[in-house]
2 protein chains.
Amino acid sequence: MTTSIEQDKVTDKRTVILQTTLQLLSERGFHNTPMSLIAEEAGVAAGTIYRYFDNKETLINELFLDLKREMLQHAMARIEPGDTTEEQFRKVWRNFFHYYVTHEDEMRFVEQHHNSPFQSGDVLAAVEEMYAPFANMFAVGVADGSFRELPMEMTSVYIYDVVLAFAKRQLSGKLKMTDELLEEAVQISWDAVKGT
Amino acid sequence: MTTSIEQDKVTDKRTVILQTTLQLLSERGFHNTPMSLIAEEAGVAAGTIYRYFDNKETLINELFLDLKREMLQHAMARIEPGDTTEEQFRKVWRNFFHYYVTHEDEMRFVEQHHNSPFQSGDVLAAVEEMYAPFANMFAVGVADGSFRELPMEMTSVYIYDVVLAFAKRQLSGKLKMTDELLEEAVQISWDAVKGT
DNA sequence: ATCAAAAGAATGAATGTTCATTCCTGTCGT
DNA sequence: ACGACAGGAATGAACATTCATTCTTTTGAT
């Protein structure tokens with residue numbers, strides 16, 4: 001009786017729990033969000049959460065990895081093999097920015113997780129792997145002279161941290177990124193890392 | 001029997017409590033650090049903490065403001081009224097970097113505090129005030145054409161978030177900032193914000 | 001200078017609360 | 001009737017905070 005369509009629409013309590021957790025944790029912080037509240041908001045009993053997740057830490061870490069995956073997926077959107085390195089760089093920059101600005105909860109949650117005691121070794125390793133496409137893009141760019149010969153960790157400042165900083169300011173209302181400002185910011189980052 | 005020198009050296013439990021709190025919270029996170037542990041590590045009874053601070057939140061917020069003050073003090077070190085805007089900008093950039101790199105606990109604690117539910121209205125207002133000298137430096141720089149006509153919030157990305165990102169990478173061992181790289185990074189930030 | 005008494009500081013066991021997690025029941029689809 | 005799934009009360013550990021008591025320092029009268 002249960003078609004796959006109905007299943008997706010109604011149940012999948014696992015998904016509901018994850019979404020609720022994301023929303024609550026991003027708003028209230030990790031500590032201030034008891035499992036009982038997650039259960040209540042998800043319309044589920046406390047015990048039910050433990051059918052899907054071993055414990056709170058697991059729940060949080062699985063959510064974190066899901067979001068990282070989704071985020072990096074977005075970052076790579078519309079990248080074509082034929083694009084020049086510069087085009088790829090600019091697209092990724094804008095993709096990141098767009099994702100953060102339209103996914104505030106996700107950003108806040110991931111940022112909170114970033115400096116928290118939940119960052120275990122396995123999680124770090126899993127994240128490391130996800131960045132492989134970027135490491136590759138960087139290696140190619142350096143090899144053909146599109147990127148300066150700087151350490152990748154330095155280049156990443158201008159395509160990751162800078163973008164994040166702009167997104168935060170935009171979301172907090174402290175800065176309104178017009179198309180012009182956005183283009184300026186992208187240009188600054190590209191100038192910072194491009195080859196001579 | 002008790003000279004003022006001995007007093008300063010031995011007592012001032014308030015200071016001991018604050019220092020211990022800084023160290024523990026930066027390592028273990030806000031919520032993984034019970035007051036009982038702070039007391040133990042500080043060599044003080046649990047109840048004693050409450051002679052000096054109303055509660056845990058107050059303790060954390062007072063520590064936060066102390067550190068912010070100290071941090072901004074360092075950022076302004078060696079700035080002379082006669083310095084050009086460019087000189088000032090470069091000095092502040094390096095001062096920030098140096099402070100973070102040599103004060104890892106402080107950096108971690110402040111960063112953790114930054115996205116946490118302890119960020120109350122009063123704290124934000126107090127921090128806002130501390131930034132006045134920078135706002136002033138920016139206003140002067142824009143007026144005389146040293147800075148581009150960008151929103152201050154945009155300029156601050158290149159003297160605050162970028163520096164923080166570099167310091168974090170340096171501390172995590174992912175990046176070794178040589179003198180050359182440091183000079184490059186400063187130059188990139190200055191190019192990003194300088195007037196035409 | 002001495003000492004009793006008051007003031008101030010520190011202690012740590014006790015309290016009450018808040019959780020994460022468990023476990024016993026009930027329900028529903030087959 | 002069975003088993004997987006869900007419910008939610010019950011459990012117990014962890015924790016922030018309190019407070020009656022003890023220890024230390026200061027005061028001031030002689």
Side-chain angles (χ1 to χ4, degrees), chain A residues 1-25 27-64 109 112-113 116-118 120, chain B residues 1-25 27-64 109 112-113 116-118 120:
Chain A
M1 272 307 113
T2 319
T3 72
S4 66
I5 287 175
E6 278 178 22
Q7 241 178 15
D8 289 343
K9 190 173 56 177
V10 180
T11 26
D12 210 352
K13 305 214 173 204
R14 203 189 126 89
T15 304
V16 174
I17 292 167
L18 282 171
Q19 284 171 343
T20 306
T21 302
L22 167 60
Q23 195 213 317
L24 286 176
L25 292 214
E27 281 173 7
R28 313 177 36 111
F30 289 4
H31 55 307
N32 200 26
T33 309
M35 293 294 264
S36 55
L37 181 61
I38 295 176
E40 193 181 335
E41 290 283 310
V44 142
T48 303
I49 295 180
Y50 289 86
R51 300 201 65 74
Y52 296 97
F53 304 94
D54 283 354
N55 50 48
K56 193 176 185 181
E57 181 171 350
T58 302
L59 166 60
I60 288 177
N61 280 335
E62 284 196 29
L63 177 57
F64 174 75
F109 174 84
Q112 261 192 269
H113 194 280
S116 87
F118 292 98
S120 69
Chain B
M1 272 301 115
T2 319
T3 73
S4 67
I5 286 175
E6 278 176 24
Q7 243 179 14
D8 289 341
K9 191 170 56 173
V10 178
T11 30
D12 209 353
K13 307 218 172 197
R14 203 188 126 91
T15 303
V16 174
I17 291 168
L18 282 171
Q19 284 170 344
T20 305
T21 302
L22 167 60
Q23 196 212 318
L24 286 175
L25 292 213
E27 281 172 9
R28 313 178 36 112
F30 288 4
H31 305 294
N32 202 24
T33 310
M35 293 293 264
S36 54
L37 181 62
I38 296 175
E40 194 181 335
E41 291 283 310
V44 141
T48 304
I49 297 179
Y50 290 86
R51 294 198 63 74
Y52 296 97
F53 304 94
D54 282 353
N55 51 47
K56 192 176 186 181
E57 181 172 347
T58 302
L59 166 60
I60 288 177
N61 280 335
E62 284 196 28
L63 177 56
F64 174 76
F109 174 83
Q112 262 190 270
H113 195 280
S116 88
F118 292 97
S120 68

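Below, chain A is the first sequence line, B the second, and so on; all start at residue 1.
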Tell me every residue that passes side chain to side chain donor-acceptor pair (under 3.5 Å) with Asn55(B), counting only those two or more places apart in sequence or in another chain. Thr58(B)
Quick one: list whatever passes side chain to side chain donor-acceptor pair (under 3.5 Å) with Glu62(A), sequence neighbours left out. Arg14(A)
May I have the distance from [X] (atom [atom1]) to [N] (atom [atom2]), rounded to whole angstrom?
{"X": "Ile49(A)", "N": "dT22(C)", "atom1": "CD1", "atom2": "C1'", "answer": "14 Å"}
{"X": "Arg14(B)", "N": "dA9(C)", "atom1": "CZ", "atom2": "P", "answer": "13 Å"}
{"X": "Asp54(A)", "N": "dT21(C)", "atom1": "CG", "atom2": "C1'", "answer": "12 Å"}
{"X": "Asp12(A)", "N": "dC5(D)", "atom1": "CG", "atom2": "C1'", "answer": "14 Å"}
{"X": "Arg51(B)", "N": "dC19(D)", "atom1": "CZ", "atom2": "C1'", "answer": "12 Å"}
{"X": "Leu24(A)", "N": "dC19(C)", "atom1": "CG", "atom2": "C1'", "answer": "15 Å"}
{"X": "Tyr52(B)", "N": "dG8(C)", "atom1": "OH", "atom2": "P", "answer": "14 Å"}

Test: ring pair (Phe, Tyr, Trp, His ring centres under 6.0 Å). Region: residues 29-52 of chain A. Which pairs qualify, not counting sequence neighbours? Phe30(A)-Phe109(A), Phe30(A)-Phe118(A), His31(A)-His31(B)
Assert: residue with more 5' nearest nucleotide on DNA chain C, out of Gly43(B) and Thr48(A), is Gly43(B)
Interface polar pairs with nucleotides 9-16 of chain D, N/O, under 3.5 angstrom:
unit_1	atom_1	unit_2	atom_2	d
dA16(D)	OP1	Lys56(B)	NZ	2.6
dA16(D)	OP2	Met35(B)	N	2.6

All side chain to side chain contact (heavy atoms under 4.5 Å, CB included) counterparts of Gln23(B), not counting sequence neighbours: Glu27(B), Asp105(B)
Could you tell me whether Phe53(B) contacts a base, only the sugar-phosphate backbone, or nothing, with contacts defined as non-hydrogen atoms closer than 4.0 Å? nothing
Donor-acceptor pairs under 3.5 Å, side chain of residues 40-48 of chain B to any protein atom, not counting sequence neighbours: which ones?
unit_1	atom_1	unit_2	atom_2	d
Thr48(B)	OG1	Ala45(B)	O	3.4

Within the structure, does a side-chain N or O atom of Lys13(B) lie under 4.0 Å from either OP1 or OP2 of dG8(C)? no
Just so I know, are the side chains of Asn61(A) and His113(A) near enough to count as touching, which here means a heavy-atom distance under 4.5 Å? yes
